[in-house]
Amino acid sequence: MKTNILSTVEYIRSQLPPELQQPRVGIVCGSGLSGLAGIIQNIHTIPYANIPGFGTSTVPGHRSELAFGLLGKNGVPVVAMLGRFHFYEGHPLSTVVYPIRVMARLGITEILITNAAGSLNPDIPTGTIVVVHDHIAFPGMAGTNPLMGPQTSPEHPRFLALSDAYSPSLRRLLFLAAHQLSLSKSALAEGTYAWVSGPNYETPAEGILLRSIGVDVVGMSTVPEVLVAREEGLKVMVLSLVTNLVVIPPSYKSIREEVEAELAGQSFVTPEEQVVSHDEVLAVGKEKAEVIKSLVQRVVELLS
Ligand code: ADE
C-alpha cells in the first residue's frame, strides 16, 4: 500500500513532545556532516526505518535518522535529516524527496541543505565551503526529474520557475554569519552545482565537459531535494563542502608513446594516477564539519 504524507506526519508527531511538533527550519546533513545533531538541544531522533514511507540509507558514513530539537541561542525548532536517500542507491526519486515533502507538511519554511562535492574550479580547493547559487541537473534535463508525473497538490505550479531557486536572502544571511564567526574570506566561495546520478565519479572527459559549461562543483544529491523544496514553496540554501578535486588532465598521456619509448629502450615515467576515494570524502567532511555546524547554527539564529 502506498503511504500518504499525512499518515507519515501523524506518525512523526505522535513520537514528539508538543514543542517540537512544528519545526520552523529543515536541515539536510550530507556525507560526514551529521555531527550537527551534537548541537541540537532537547533532541528527539526517529530512525528512518520506523517512519512510514521512508527508505533506508545504505551509504557508509551516513546515519539514518530524523532529528527534532531546538537550535541556537533562541531555541528555534528544527528538523534535521541525518543521512539522505540517493538516486544511485536504487531509490526512486519519489523516495529521495519524500522527507522534503514531509518536512514541508510539518511546517518548515526554510531548508538548509548540505552535501559533499567535487570541485572542478581551480580557484576552489578542497575544504572550501561553496554557497550554491545555481545548478545544472543532468538527470533532470534528460527526463529523470522528481517533479514529473501527476501533480501531488493542486497548489503546486505545473511549470516551476527556478530563476530564484537559491534564496538570495538566505545567502546574504550566510555571508553575514561567516563574518560574525570571523571565517577567512577563502573559507567560502559561491558557485554552480551540477547534479550527476553517480554512483561512479567522473571520467576525465566528463570533468572537462562539466568545467567547460561553467560547473564549479559536482555531486550526486541535493538537486532533487531543491526542486521539491521549491515546489513546496520553501526558501532554500545549499552549502557544498569540497571534499575532493575532480581530475582534469592537462592532456591525455599517450599509451602509444609510452610503449614506443619502451620498445626503443628509453625509460618512461608514468604519471601518478589520481583517483577519488569515498574515504577521502569522509575525512575532509570530518575536518570541516565544525565550520558547517557553526554556520548553520548562526544562520538559524539570524533567521529568528
Ligand atoms: N561527491 C564528492 N565528490 C564527488 C565527485 N567528484 N563527483 C560526484 N559526486 C561527488
Side-chain angles (χ1 to χ4, degrees), residues 28-36 57-63 81-91 93 96-97 112-142 144-146 166 187-227 237-250 272-289 291-292:
V28 181
C29 300
S31 285
L33 300 170
S34 291
L36 186 92
S57 167
T58 59
V59 189
H62 288 228
R63 285 170 67 174
M81 288 181 67
L82 309 179
R84 55 152 59 89
F85 307 117
H86 300 88
F87 188 51
Y88 65 73
E89 292 176 87
H91 298 296
L93 280 178
V96 171
V97 300
L112 314 180
I113 301 178
T114 66
N115 62 50
S119 172
L120 295 129
N121 183 336
D123 296 329
I124 303 184
T126 305
T128 310
I129 296 163
V130 177
V131 184
V132 174
H133 59 202
D134 205 349
H135 76 227
I136 296 177
F138 277 94
M141 292 195 300
T144 299
N145 186 318
Y166 297 86
L188 293 180
E190 294 176 277
T192 297
Y193 177 98
W195 171 40
V196 293
S197 73
N200 57 282
Y201 292 114
E202 300 68 40
T203 63
E206 288 164 349
I208 292 166
L209 168 76
L210 292 171
R211 185 62 198 142
S212 71
I213 57 169
V215 172
D216 297 295
V217 285
V218 56
M220 306 173 195
S221 67
T222 299
V223 169
E225 298 155 1
V226 170
L227 295 176
M237 187 186 77
V238 172
L239 299 179
S240 288
L241 172 61
V242 174
T243 50
N244 60 86
L245 304 180
V246 176
V247 181
I248 301 183
E272 229 177 89
E273 304 272 348
Q274 288 170 279
V275 179
V276 184
S277 81
H278 186 59
D279 290 345
E280 180 188 13
V281 170
L282 291 180
V284 177
K286 212 168 174 184
E287 195 192 310
K288 290 285 167 171
V291 182
I292 300 222

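In each ligand, atom 1 is the first atom listed, and ligand 1 is the first ligand listed.
Annotation: Y201 places no N or O atom under 3.5 Å from an N or O atom of ligand 1; distance criterion only.
Taking every non-hydrogen atom of T243 and a distance limit under 4.0 Å, the qualifying atoms of ligand 1 come out as 2 (C). Taking every heavy atom of N244 and a limit of under 4.0 angstrom, the matching atoms of ligand 1 come to 2 (C), 3 (N), 4 (C), 6 (N). Close approach to M220 involves these atoms of ligand 1, each under 4.0 Å from a residue heavy atom: 8 (C), 9 (N).
Side-chain contact, T222 with N115: a donor N or O sits under 3.5 Å from an acceptor N or O.
The backbone N or O of S221 sits less than 3.5 Å from a side-chain atom of Y193, completing a donor-acceptor pair. Judged by distance alone, with hydrogens and angles left aside, the side-chain atoms of S119 form a donor-acceptor pair with the main-chain N or O of I124 at under 3.5 Å. Listed for the T114 side chain is a donor-acceptor partner under 3.5 Å among the backbone atoms of V28.
Residue-ligand proximity: G219 is placed with a non-hydrogen atom under 4.0 Å from ligand 1.
Counting heavy atoms from C-beta outward, E206 and V218 have side chains that stay 4.5 Å or more apart. No side-chain heavy atom of L239 sits under 4.5 Å from any side-chain heavy atom of L112.
For N115, no heavy-atom contact with ligand 1 is shorter than 4.0 Å. Under 4.0 Å from ligand 1, the heavy atoms of V246 that appear belong solely to its side chain.
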